[in-house]
Trainee: 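One structure follows; several queries about it will come next.
Each chain gets a letter, A, B and so on, in the order the sequences are listed, and its residues count up from 1.
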There are 2 protein chains.
Amino acid sequence: MARTQAADYSERRAAIVDMAARLYADKGFLGASVADLAEALGASKSLIYHYYPSKEEILFEVMDQHLRLLSAAAEDVLARDLPPRDKLRALARAFMGLYVGAADRHKVLLNELSALPPARRAEIVARQRRLIGDVEQLLTAINPDLSPPLRRPAAMLFFGMINWTHTWFRADGPVGAEQVADLAADLTLLGLRGL
Amino acid sequence: MARTQAADYSERRAAIVDMAARLYADKGFLGASVADLAEALGASKSLIYHYYPSKEEILFEVMDQHLRLLSAAAEDVLARDLPPRDKLRALARAFMGLYVGAADRHKVLLNELSALPPARRAEIVARQRRLIGDVEQLLTAINPDLSPPLRRPAAMLFFGMINWTHTWFRADGPVGAEQVADLAADLTLLGLRGL
DNA sequence: CCTACCGATCGGTAGG
DNA sequence: CCTACCGATCGGTAGG
């Protein structure tokens, strides 16, 4: 009787990506070896190379999966029947929520882009650009008087507030993720109104 | 006759740190080898180890020098006889100016902290905290009604806007560093007033 | 200030 | 002849 793909094939792949996210976040992509990853999983390196063709492809998987969640959350928020101002607040909360729920993956997505092979990097960058474009459009809807050349910088400052949280925000700290998201949304909204 | 220190000792040290900043910014600290650094300098690895005891110590020098510039700029701005709101704007401009003038060092300071040995890392972190505390005090002076637990997050969102620029801002782009600094200051000031 | 090396570890693959 | 793995080791390169 021919043996088929292991029943837990996708669970094993998920376990590898999950542990890789943790190690890459802690030690950096170059600082965490495949041997480290194998040891953390209680498996051999060969086991890892059975599931993924290269170390870089595991990094791509970490980033790809997380970026899919971010994009899906953005699509979901933008499709809602809400005023643009409420959409921005909802977006800030969604991003912060995903950051808290997947801090390792978030950190890897933000820090290790340059470690990807060019083709893979281009895939990630293209989707990040779409996300940035969405926010830019939202800011323009909120304040149509915002000068066109300042729209991209304004969107990037918003992302800066949200993305930089990975360096200081602690889920077990005194201020919650939702409060920080609201603070970032408020600075953007009040600033946008005043400009 | 005992040989004395080479006349160009400090120039050579400076050249090493400067090139290291460029390579560490481009390829990451772990991605740039000491051999890469030597080759870029047209020198041997041994030459480098004559001037610095370890690869990590060169990294510390890159970060230390840049952070000194940031701290000095902050001290200078805070000592001026200006309303707090104007100090925040001047601070944003000073930080963006240093970023543009030393993009490599700025990037290294923000990205490679975890590569420092613990004692050296603690030195850098302590001085970064002082800078953050200064901004926190400034924000509190601007709006004394800002709830105490939100003061640190507000300061970190400000730093997020400024620091994140290293991922997207180009000095040869359509919008100048001063404009971006003013935009970040405006979002913070208008937001702080509205909260 | 260089060439010549070291102990160790890197990402990836062999046979079975 | 298949898939799922292991212990051991490959050719090169890292920091020093």
Trainee: 5'-most contact on DNA chain C: A:Asp36 or B:Ser44, nearest heavy atom basis?
Mentor: B:Ser44
Trainee: Counting heavy atoms from C-beta on, name the nucleotide in C:dC10, C:dC2, D:dG15 closest to the side chain of A:Ala35.
Mentor: C:dC10
Trainee: After noting the C-alpha distance and the side-chain angles of A:Asp134 and A:Arg130, does the key distance pass the salt bridge (Lys or Arg N to Asp or Glu O under 4.0 Å) rule?
Mentor: CA-CA 6 Å; A:Asp134 288 345; A:Arg130 244 170 279 156; over 6 Å; no
Trainee: Output the single nucleotide from C:dC10, C:dT3, D:dC6 whose closest atom is nearest the side chain of A:Leu47.
Mentor: D:dC6
Trainee: Between B:Lys27 (NZ) and D:dT13 (C1'), how many Å, whole number?
Mentor: 13 Å
Trainee: Taking for each residue the nucleotide of DNA chain C with the nearest heavy atom, is it A:Gly31 or B:Ala43 whose nucleotide lies nearer the 5' end?
Mentor: B:Ala43
Trainee: Look at the side chain of B:Lys55 against the base of D:dG16 and say whether a donor-acceptor pair falls under 3.5 Å; ignore hydrogens and angles.
Mentor: no
Trainee: Could you tell me how far apart B:Ile48 (CD1) and D:dG15 (C1') are, to the nearest whole angstrom?
Mentor: 11 Å
Trainee: Among D:dC6, D:dG16, D:dC5, which is the nearest nucleotide to the side chain of A:Ser46?
Mentor: D:dC6
Trainee: To the nearest Å, how far apart are B:Leu30 CG and C:dG11 C1'?
Mentor: 15 Å
Trainee: Near B:Arg129 CZ, under 6.0 Å, is it more than 12 heavy atoms from other residues, nucleotides or ligands?
Mentor: no
Trainee: Please give, in whole Å, the distance from C:dG12 C1' to A:Ile58 CD1?
Mentor: 11 Å
Trainee: To the side chain of B:Ser33, which of D:dC5, C:dG12, D:dG15 is closest?
Mentor: D:dG15
Trainee: Closest approach to the side chain of A:Tyr51, judged atom by atom: which nucleotide of C:dT3, D:dG16, D:dC5 is it?
Mentor: D:dC5
Trainee: Quick one: A:His50 NE2 to C:dG11 P, roughly how many Å, whole number?
Mentor: 21 Å
Trainee: Any chain of hydrophobic side-chain contacts (each under 4.5 Å) joining B:Ile142 to B:Leu82?
Mentor: no
Trainee: If I take atom CG in residue A:Leu37 and atom C1' in nucleotide C:dT9, what distance separates them, rounded to the nearest angstrom?
Mentor: 16 Å
Trainee: Between C1' on D:dG16 and OH on B:Tyr49, what's the gap in Å once rounded to a whole number?
Mentor: 5 Å
Trainee: Just to verify, which of A:Glu61, A:Lys107, A:Arg105 counts as forming a side-chain contact (heavy atoms from CB on, under 4.5 Å) with A:His66?
Mentor: A:Arg105
Trainee: Does B:Arg12 make a side-chain N or O approach to OP1 or OP2 of C:dC1 shorter than 4.0 Å?
Mentor: yes
Trainee: Between atom CD in B:Glu39 and atom C1' in C:dT3, what is the gap in whole Å?
Mentor: 16 Å
Trainee: Could you measure between the two C1' atoms, the one in D:dG12 and the one in C:dA8, and give it in whole Å?
Mentor: 13 Å
Trainee: Any Lys/Arg nitrogen of B:Arg80 or B:Asp76 sitting under 4.0 Å from an Asp/Glu carboxylate oxygen of the other?
Mentor: yes
Trainee: Return the nearest nucleotide to the side chain of A:Ser54; candidates are C:dG12, D:dG16, C:dC2.
Mentor: C:dG12
Trainee: Could you tell me whether B:Arg120 sits above the aromatic face of B:Phe60, with NZ or CZ closer than 6.0 angstrom to the six-membered ring centre and within 45 degrees of the axis?
Mentor: yes
Trainee: Could you work out which one of D:dC6, C:dG11, C:dC2 sits closest to the side chain of A:Lys45?
Mentor: C:dG11
Trainee: Within the structure shown, what part of the strands sits under 4.0 Å from B:Ala32 by heavy-atom distance: base, sugar-phosphate, or nothing?
Mentor: sugar-phosphate
